[in-house]
Amino acid sequence: MHPKNSTTLQTVQLPKLKPCAFGMEYTDLFSINPDASLIDALSVASDLSDGISQLCSRLAYAINDGEIACLSEVRTLGFIGDVVSALTRSAERGLKAAYEAEGAQ
């Protein structure tokens, strides 16, 4: 017996994010909410990654012109990098878990 063709669109259920703490000194303060949207997490990670690139370019020009780089700017880059890593790792782990669960069926 064959299922009938349907014109209704199927909704795709995205996997949940996996909890993930970030920021070396702040792991008890910052973490990824597993109920957050995976798409939103990847979007924020992309935006933050662009910001890292822009800050690095600004610092490179400033230092090349003899200006002093502030420690807070460098620490900010590291923290934003930690956030991007946590968001993408959380999404990766959520997708991997969903993929493995699908394969087990």
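Values below: all heavy atoms of this structure, side chains included; hydrogens, waters and symmetry mates excluded.
Remark: Ile39 engages Leu14, Ser37 in a side-chain contact (heavy atoms from CB on, under 4.5 Å) (not counting sequence neighbours). Under the rule for a side-chain contact (heavy atoms from CB on, under 4.5 Å), Ala60 has no partner lying at least two apart in sequence or in another chain. Listed by chain and number, the residues in a side-chain contact (heavy atoms from CB on, under 4.5 Å) with Ala69 are Leu59, Ile63 (sequence neighbours excluded). Checked against side chain to side chain donor-acceptor pair (under 3.5 Å), Glu73 has the following partners two or more places apart in sequence or in another chain: Arg58. With sequence neighbours left out, the salt bridge (Lys or Arg N to Asp or Glu O under 4.0 Å) criterion links Glu67 to no other residue. Listed by chain and number, the residues in a side-chain contact (heavy atoms from CB on, under 4.5 Å) with Pro34 are Pro19 (sequence neighbours excluded).
Note that the NZ atom of Lys16 and the CG atom of Leu95 stand 13.5 Å from one another [nearest 0.5 Å]. Atoms OG and CG, from Ser57 and Leu55 in turn, are 9.0 Å apart once rounded to the nearest 0.5 Å.
For the salt bridge (Lys or Arg N to Asp or Glu O under 4.0 Å) condition, no pair includes a residue of residues 31-45, sequence neighbours left out. Note on residues 96-105: no pairs pass salt bridge (Lys or Arg N to Asp or Glu O under 4.0 Å), not counting sequence neighbours.
Using a distance-only test at 3.5 Å, with no hydrogens or angles considered, no donor-acceptor pair links the side chain of Ser49 to the main chain of Ala45.
Taking both residues in full, the closest heavy atoms of Leu38 and Leu17 are given as CA-CD2, 3.8 Å, listed atom of the first, atom of the second, then distance.
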When the side chains of residues 80-93 are checked against the rest of the protein, which donor-acceptor pairs come out under 3.5 Å, sequence neighbours left out?
unit_1 : atom_1 : unit_2 : atom_2 : d
Thr88  : OG1    : Val84  : O      : 3.0
Thr88  : OG1    : Ser85  : O      : 3.2
Arg89  : NH1    : Glu92  : OE1    : 3.3
Ser90  : OG     : Lys18  : N      : 3.1
Ser90  : OG     : Lys18  : O      : 2.5

